[in-house]
Amino acid sequence: MSFNFGIIFAVICIIGGLLMIILYKPYWWLMKKQEMPDHYKWYLRIPGILFILFGIGIIAISIINNLAF
């Protein structure tokens, strides 16, 4: 498999998405020490999930490009 900057960017996207999912609580909510409602937890995880899907899509496109051409 050839060296591809797209793969490096995709891995960075996946790692960033995982961190966004794991660290979903905003700073001001942590300072108040209150439990946030469940639907807010999922609203804050959506960007991380989209970031992971974006990284997976880049990897899939890169693999298809290497296989087709």
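Starting from 1, each residue takes its place in the sequence as its number.
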To the nearest 0.5 Å, atom CD1 of I14 lies from atom CD1 of I56 at 5.0 Å
Of all heavy-atom pairs linking I7 and S62, the shortest is CD1-OG, 3.5 Å
Over all heavy atoms of both residues, which pair between P47 and M20 is shortest? Give the atoms and the distance, please. CB-CE, 3.5 Å
Hydrophobic clusters here meaning ILVMFWY residues chained together by side-chain heavy-atom distances under 4.5 Å, can you tell me if L18 and I59 are in one? yes
List in chain and number order the residues that pass side chain to side chain contact (heavy atoms under 4.5 Å, CB included) with L50, two or more places apart in sequence or in another chain; answer none if no residue qualifies. I46
Would F51 end up clustered with W42 when hydrophobic side chains under 4.5 Å apart are linked, directly or stepwise? no
Hydrophobic cluster mates of F54, side-chain heavy atoms under 4.5 angstrom, ILVMFWY only, any path? F9, I58
Once side chain to side chain contact (heavy atoms under 4.5 Å, CB included) is applied, do any residues pair with I15, and if so which ones, sequence neighbours excluded? V11, L19
Look at the side-chain heavy atoms of Ile, Leu, Val, Met, Phe, Trp and Tyr, link any pair under 4.5 Å apart, and say whether F5 and I61 land in one connected group. no
Which heavy atom of G55 sits nearest to which heavy atom of A10, and what is that distance? O-CB, 3.4 Å
